[in-house]
Structures are given as structure tokens and as C-alpha cells.
Amino acid sequence: MCSEKVLPSLSLRSLPIAPSAPENQLPGVRRLARRELPIDTEALARYLVGKTLVHQTPAGLIGGRIVETEAYVVGDAACHAFRGQTPRNRSLFLERGHAYVYFIYGCWFALNVVGGKAGIGTGVLLRALEPIFGIDAMRRRRPAASLRDLTRGPGRLATALGIDRHHNGLDLCGQGSLWLGASIRPVGTVGVSSRIGLTREAERLLRFYERDNLYVSGPKSLNR
DNA sequence: AGCCAGATTTTCT
DNA sequence: GAAAATCTGGCTA
């Protein structure tokens with residue numbers, strides 16, 4: 001079922017950050033600067049595990065710890081940029097730290113952090129969060145989901161945070177309403193596996209996750 | 001707990 | 001016209 005159709009009134013948009021934004025009430029969450037992001041996309045995917053994703057919405061601050069990512073790299077047939085630039089994937093060719101949001105399976109949005117230098121076309125899919133901020137607001141967007149399933153999977157993550165095509169191309173390292181934050185707690189062991197849901201280049205080990213974290217998606221066999 | 005079918009629409013061939 | 005970086009509910013391989 002498409003949550004867009006079920007809950008059209010809950011499709012909230014971003015708002016600009018006010019000077020007294022609630023992020024000031026979260027001293028542990030510092031915005032990441034672009035220079036902190038590894039230029040290599042595989043390194044970026046590993047680096048982002050344990051970092052924070054935050055979205056300031058009219059319903060409040062929503063976000064959590066990134067616990068699962070996948071890298072889509074240069075020369076990778078599974079990467080949306082593999083066959084060159086098109087209207088759909090053009091934001092993948094921005095400088096690293098921007099958002100690439102795409103619509104998939106007729107139902108869902110998925111959020112990527114663009115990797116590499118401008119013009120290259122690589123990214124990191126954010127596959128799962130550990131919910132930390134705004135859990136009530138997430139539940140309102142996904143009323144049928146258990147806490148564990150609120151943000152476990154790329155489509156669920158985007159829905160729970162209110163991310164859609166309006167966020168495509170935004171700078172996640174700027175002063176906007178959607179941003180990457182530093183770790184709020186040390187990251188555990190980072191596991192590596194093949195990526196999920198692919199037909200092409202399915203064997204490459206480009207998925208990264210925090211081991212033993214309850215909020216990681218995928219079959220048990222991939223999460224050892 | 002695990003597997004399967006159906007939903008739904010954009011995008012490119 | 002087919003495939004797609006998925007999710008949900010229902011059924012039991």
C-alpha cells in the first residue's frame with residue numbers, strides 16, 4: 001500500500017530554520033561540514049554509519065542515528081548514474097553532501113547522500129535509522145508500524161521523516177531543514193555485506209551496517 | 001519466523 | 001512495455 005495515498009494530509013514540507021531552532025536544544029548534534037565527508041563514496045558509506053540525520057518539520061524535529069547504508073560507486077551498473085545524466089538522476093552529479101531523492105516501485109521515496117566531486121555521479125543510500133528525535137511525529141506518518149519498523153528500510157525511513165521529491169538536490173551540509181549531524185554516541189562494529197534488492201552487481205560488498213543494532217533492515221543472514 | 005503476491009508510477013528502452 | 005536501490009498483509013513453502 002502506498003502511504004502517499006493513505007495519508008495525503010500528512011505530506012508535510014520542510015520549513016526554513018528559525019534563529020531559535022530546536023536544534024539548539026540538542027547540544028550533542030553538530031552539523032557535519034562538507035569537508036568532513038570522505039570524497040571516496042565507499043568510504044563515505046562506512047563513515048555515515050553512526051552519524052545522525054535530522055529533519056526540521058512543522059511537526060517538530062525528526063531524526064535518528066544512521067545504522068545502515070549502501071554505496072553506489074563509479075562504474076557500478078546498479079548506480080542510477082551508470083548510463084549518464086538524465087532528468088531523474090541529475091542531483092546525483094552535485095557535490096558530495098547533497099540529497100538525491102528518487103521515487104521507486106510506484107510507492108516510495110528513498111534518500112541518498114551524494115558522494116564524490118561535482119559531475120561524478122555516485123551516492124550513498126540511507127537504508128535505516130535508529131529513531132531518536134520526533135518519534136511521535138514518525139508514528140503519525142506511519143501509524144501501522146512498530147517502533148522497530150518505523151525507519152527500518154529506505155522507503156520507511158523517507159516516509160517517517162517526511163522526505164519526498166521536494167528534498168531532491170538540497171544541500172545536507174548547509175543551514176537547511178534537512179541535515180547530517182555528528183555522532184551522538186559511539187558507533188559499534190560496522191559490518192559489511194552485499195546490497196539489497198539489486199539484480200545488477202548484486203554481489204559487491206557495498207552495504208554497511210551497525211552490527212547487533214535492532215533497527216537494521218534485511219535478512220538475518222546479511223547482518224552477521 | 002519466513003515466504004510470497006500485489007500495489008503503483010516513473011523512467012528509459 | 002518492462003523494470004525498478006520496496007513495503008505490507010496474508011498465508012504457511
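Both backbone and side-chain heavy atoms feed into the values below; hydrogens, waters and symmetry mates do not. Letters go in sequence order (proteins before strands), and every chain restarts at 1.
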Quiz item: DNA chain C: A/Gly153 or A/Thr199, which has the more 5' nearest nucleotide?
Solution: A/Thr199

Quiz item: Would you say A/Arg142 reaches C/dC7's phosphate, i.e. side-chain N/O to OP1/OP2 under 4.0 Å?
Solution: no

Quiz item: Do any N or O atoms from the side chain of A/Glu210 and from the backbone of A/Gly188 form a donor-acceptor pair under 3.5 angstrom?
Solution: yes

Practice problem: Quick one: look up who C/dT8 pairs with, Watson-Crick or G-U, both distances under 3.5 Å, and put none if it's unpaired. | Solution: B/dA5

Review item, nucleotides 11-13 of chain B N/O atoms under 3.5 Å of protein N/O:
unit_1, atom_1, unit_2, atom_2, d
B/dC12, OP1, A/Thr86, OG1, 2.3

Quiz item: Do A/Glu36 and A/Tyr47 come close enough that some side-chain heavy atom pair is under 4.5 Å?
Solution: yes

Self-check item: Quiz item: A/Tyr105 side-chain donor-acceptor pair to C/dA5 base, under 3.5 Å
Solution: no

Quiz item: Within the structure shown, what part of the strands sits under 4.0 Å from A/Ala78 by heavy-atom distance: base, sugar-phosphate, or nothing?
Solution: base

Self-check item: Pairs touching residues 113-124 of chain A that satisfy salt bridge (Lys or Arg N to Asp or Glu O under 4.0 Å), sequence neighbours left out
Solution: none

Exercise. Looking at every strand, decide which applies to A/Asp149 at a 4.0 Å heavy-atom threshold: base, sugar-phosphate, or nothing.
Key: nothing

Quiz item: What is the distance, rounded to the nearest whole Å, between atom CZ of A/Arg195 and atom P of C/dA4?
Solution: 13 Å

Self-check item: Among A/Leu125, A/Val192, A/Val216, A/Thr69, side-chain contact (heavy atoms from CB on, under 4.5 Å) partner for A/Arg207
Solution: A/Val216

